[in-house]
Each structure stands twice: as structure tokens, then as C-alpha cells.
Amino acid sequence: MVEVHILRQDKDLAVRGLLKRGITDASDQIDQIVALDDRRKDLQTQKDELLHQVNEKSREIGNLYKSGRGSEANLLKTQVGEYKTEITRLEASMDTTMETLEKALLSLPNIPHESVPAGQDETANEVVDTHGTIPDTDSQDLRPHWELMEEYDLVDLAMGAKVTGSGFPVYKGQGARLQRALIQYFLDRAVDAGCMEVIPPFMVNADSAMGTGQLPDKDGQMYYVEKDDLYLIPTSEVPVTNMFRGDILGLDQLPKRLTAYSPCFRREAGSYGADVKGLNRVHQFDKVEMVVIAHPHTSYDMLDWMVNHTRSILEELELPYRILRLCGGDLGFTAALTYDFEVYSVAQKRWLEVSSVSNFETYQSNRLKLRYRDENGKTRLLHTLNGSVLALPRIVAALLEKYQTADGIEIPDILKTYTGFDCIKKG
RNA sequence: GGUGAGGUGGGUGAGUGGCUUAAACCACCAGUUUGCUAAACUGGCGUACUGUAACAGGUACCGAGGGUUCGAAUCCCUCCCUCACCGCCA
């Protein structure tokens with residue numbers, strides 16, 4: 001949620017920012033929010049005043065009884081009764097006001113960072129960097145990863161479909177070992193870079209899903225276990241960020257840098273077509289994530305740091321990639337600035353998103369009540385960030401396609417010590 | 001899943017309807033004193049909302065949510081969590 005005081009102080013800035021998301025009535029929405037907040041304050045003050053009266057009168061009543069003046073006490077009691085009916089009325093009015101306010105705030109997405117380009121969809125995303133050469137594939141007979149998976153018996157989609165359903169791959173043999181090697185390598189690199197590794201729960205409660213913004217908006221994207229009222233995590237961002245929900249951190253504890261491996265579960269309702277072929281889009285996949293909790297002054301430095309980290313991994317894997325700055329229309333609801341990483345799939349001849357690195361500023365921490373204590377002892381909201389080091393399936397897809405040869409699939413040098421083999425062969 | 005015991009500030013822990021404005025101790029911060037370290041003493045020490053130019057002031061919060069009462073940490077109801085034992089189990 002955007003902080004109300006920001007909307008009050010920098011309304012023009014907010015309006016201009018939200019316009020980049022294609023929101024044209026932001027000014028009206030903000031006016032409404034501020035009016036509701038004013039009303040809330042007013043009701044609060046009235047209610048507090050009455051409660052103050054009740055407290056004082058109650059004390060008096062106690063004293064009167066003690067000195068044996070029961071009739072005077074009874075007189076006061078009726079007066080307190082009147083206060084209380086009024087308080088009940090104010091409370092009802094406050095409840096509806098706050099409910100409306102909450103709703104209005106939840107429907108307002110984060111204000112994009114000033115560097116975010118305006119635009120409706122991914123065509124307006126800005127390519128900020130491209131690295132590596134895209135091979136001239138016309139002359140080569142490169143095969144897509146789903147064929148390679150099958151030929152070398154690395155990933156079995158049919159088997160997963162039998163066991164669970166479509167989109168739940170079974171990794172087998174060298175395919176499984178490659179998967180495990182990549183996870184281990186990503187984690188090692190993140191730990192070396194200064195992150196603390198955690199293994200979070202893979203299910204979260206509704207409070208956590210609310211804290212990072214999956215609820216109430218993206219309800220349909222998560223798997224839900226009704227019997228226990230729990231959600232399977234769509235990314236480890238959710239449990240890892242929520243580990244700090246409600247905390248007040250000292251300046252000496254910042255920035256907090258964490259990394260976690262987890263499987264990610266996504267319903268992907270409504271996806272179809274060529275996008276979902278092979279490992280392009282699945283319901284369960286592995287990912288190594290980084291979560292950073294930072295002081296507002298350094299959060300954009302941390303964002304750069306995360307971007308550079310992911311960049312270095314892709315370079316070590318020697319995969320061609322590009323970095324996009326998402327435009328307003330493509331930016332996630334809760335993010336202020338997002339860089340997407342895409343690797344080039346040489347057989348599919350298209351870019352695949354493998355990482356998304358975002359700064360949420362105070363949008364999440366406002367819900368999470370995640371704060372720090374500043375030099376003057378005041379509590380203020382922290383900035384939260386997260387980014388995939390990399391999501392596995394599309395990396396595997398890109399690796400298989402790029403490193404295929406007539407004799408087998410080669411393993412990038414950096415991974416060889418992790419896999420324990422240099423080349424994927426048949427049988 | 002069953003039975004029992006619990007959940008109070010950063011920590012330990014008192015508190016069974018109004019002298020609680022949550023004691024006391026520890027930790028922490030500031031000051032006083034003192035060759036240094038330390039100790040002693042004094043004061044301060046939660047969060048949120050509201051309010052003020054800034055103070056002050058007000059309200060709420062003792063696991064969560066309801067209820068009883070003029071008044072609830074304290075009584076009642078529901079739920080959550082922790083611990084112990086039992087059952088089941090990797």
C-alpha cells in the first residue's frame with residue numbers, strides 16, 4: 001500500500017507516476033483517499049474524547065461507591081451509558097470509513113520510479129543492456145529444448161502429467177543432476193556475495209500472502225490448501241520477506257541480504273499456446289531468490305547490486321542476455337522499478353524471462369509494518385527488494401539449446417565441478 | 001488427533017474487578033561521583049493513532065477476536081500459538 005502521507009505531500013508526483021501505468025483518474029482517487037483519511041481522523045478524535053469521558057467518570061463512580069454515595073454514582077452511570085451509545089455509533093461509522101479507505105488504498109498500485117518509461121505493455125519496455133552474441137541460427141539445425149529433453153531423457157513431462165498433471169515436470173538422471181548443480185551453484189554465489197541462506201516454509205498463511213501483496217489481488221495465481229487455510233508459495237519472496245513482518249530493525253542490522261532456494265508453485269490460469277511448450281511455463285519450478293531489506297537511502301544501490309549479481313551469473317554461464325526496464329503498464333502492481341532479465345533461446349529464436357529484480361520501496365513494508373529506527377529514534381518504513389538470481393527451467397532450456405552438439409550437450413565450465421560430468425550423453 | 005500446563009514490555013517475572021499511570025530485577029541510554037576499568041546514585045527507557053510550531057495532552061494495546069461491567073491484564077466465550085505426556089509417523 002502506498003503511504004497516505006506521500007499522497008498528501010507529493011500528489012502531483014504520484015499522479016504523474018501513475019499516469020505511466022495508464023491510470024488517468026489518479027487525481028480523483030487520491031482526493032478520495034485523502035478525504036477518507038481526514039474523515040477517519042475526525043471520527044477517531046471524537047471517539048477518543050468520549051472514551052476519555054468514560055474513563056474519568058468510571059473512576060469517579062468507583063470513588064463515590066467507596067465513600068458510600070451510591071445514588072450519585074448511579075446518576076453518573078446513566079450518563080456513561082449515553083456516551084457509550086454514541087461511541088458505538090462512531091465506531092460503526094469508523095469501520096465503514098476504514099473499510100472504504102483500505103479498499104481504495106489496495107486498489108492503488110505502487111508509484112513508479114521516475115526512470116520508469118510510460119507504456120501500455122511489454123513493447124514499451126526499455127532495453128537497457130544486451131550482452132553476448134546471438135548466433136546466426138538460420139544456417140544451423142538447432143533443436144528446441146523439448147526435443148533434447150526427450151532425446152537425452154532429462155525431463156519427462158508425460159510422467160509428471162501422470163503423477164500430478166500437466167506442468168509438473170519430472171527431472172531424471174543427468175537432467176536432475178544438472179538441476180541440483182544449478183541450485184547449488186546459484187546458492188554458493190549468493191552466499192559468497194554476502195547473503196545469508198535460508199530455507200523457508202513452502203506454504204504460507206493468508207497474513208503473509210497479504211504482506212507481500214499476493215493477496216487480495218493475485219488470489220487465483222496461487223495454489224490454496226483449503227483444509228488448513230494455507231497457500232503454496234509462488235516464490236520464496238513471500239516467506240522470506242515475511243520473516244521480518246512487524247519487525248523494527250536497527251540501523252546496524254541493515255541492509256539485510258538473504259537468499260533462498262525453493263520450488264515455486266503457480267497456477268498460471270489462462271496460459272496457453274507456444275508459450276507453454278516444454279519448460280517455457282510450468283506449474284512447479286525451482287528458483288533461487290534474493291531478498292534485500294534496505295534503508296530508503298540505499299535501496300537503489302542495492303537494486304543495482306542485485307542486477308549486477310544476476311548479470312555476472314549469466315556471464316559465467318555464457319548465455320546471451322538482455323536487461324529490460326519495465327514500462328509502467330508492464331510493471332507489477334507492487335513494484336516501483338523492475339528490471340527483467342531475458343536469455344536468448346537459440347532454437348526458439350526468442351527471449352525468455354529468467355529473472356525479475358524489483359524495488360518495492362515502502363509499498364510492501366507498509367503492509368508488513370517492517371520498519372527501522374532512525375538516528376532520532378523514530379520508526380520509519382524500510383524498503384524491500386527482491387530478485388531472482390535465476391529461475392531454473394528457462395535457464396535449463398537455454399543451456400540445452402545453446403550447448404547442444406552432435407555428440408551430446410556440453411556443460412558450461414563453471415558448472416562442471418557441480419555436475420560432476422562434462423557432457424550429457426545418450427543412455 | 002487426545003490430555004494437561006501456559007502465553008504480561010528487549011529479557012526474567014509479579015499482578016484473580018477500581019491506590020496499576022503494568023511492580024521489581026536485568027539489559028540499554030543520559031547525567032552525577034570517581035586515577036583507569038568498574039561500582040554507586042539519579043533520571044530516562046514500548047508501539048500505533050490523534051494532537052501541537054514544538055512541548056503538553058488524549059485514546060488503544062498484557063497471544064488474537066468477541067462478550068459481561070460504570071470500570072477488565074484480571075471474569076466469560078471462540079480461535080491461534082508454545083511446552084509436556086500419549087497416539088500416529090519420515
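Proteins get letters first, then strands, A, B, ... in listed order; numbering begins at 1 in each. Computed from a prediction, not measured in an experiment: that's the story for all the values here.
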What is the nucleic acid contact for [X], judged by heavy atoms within less than 4.0 Å: base, sugar-phosphate only, or nothing?
| X | answer |
| --- | --- |
| A:Leu51 | sugar-phosphate |
| A:Asn74 | nothing |
| A:Lys57 | nothing |

If the plane angle is over 60° it's perpendicular, under 30° parallel, otherwise tilted; pick one for A:Tyr185 and A:Tyr418.
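Plane angle between 30° and 60°, so tilted.
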Pairwise side-chain contact, A:Phe186 with A:Lys287, heavy-atom cut-off 4.5 Å (strictly under):
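Not touching, per the 4.5 Å side-chain cut-off.
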Taking side chain as C-beta onward, heavy atoms only, is A:Leu319 less than 4.5 Å from A:Ile395?
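They are in side-chain contact.
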Distance-only donor-acceptor pairs under 3.5 Å for side chains of residues 251-260 of chain A, two or more places apart:
unit_1   : atom_1 : unit_2   : atom_2 : d
A:Thr259 : OG1    : A:Glu289 : O      : 2.9

What is the first contacted nucleotide of RNA chain B and what is the last, in 5' to 3' order, if contact means an atom lying under 4.0 angstrom from a heavy atom of chain A?
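Boundary nucleotides touching chain A, in 5' to 3' order, are B:G18 to B:G71.
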What are the two closest non-hydrogen atoms of A:Glu361 and A:Asn359, and how far apart are they?
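Of all heavy-atom pairs spanning A:Glu361 and A:Asn359, the closest is N-OD1, 2.8 Å.
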Salt bridge A:Glu86-A:Arg89, side-chain N to carboxylate O under 4.0 Å
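Salt bridge flag = yes for A:Arg89 with A:Glu86.
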Main-chain N/O of A:Val54 paired with A:Lys84 side-chain donor or acceptor, under 3.5 Å:
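Looks like no, no N/O pair under 3.5 Å.
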Give the dot-bracket line for RNA chain B from 5' end to 3' end: parentheses for intra-strand Watson-Crick or G-U pairs under 3.5 Å, square brackets for crossings, | for inter-strand pairing, dots for unpaired.
((((((((.[[[..)..(.....]]].(((((.......))))).(((((......))))).[[[[[..)....]]]]])))))))....
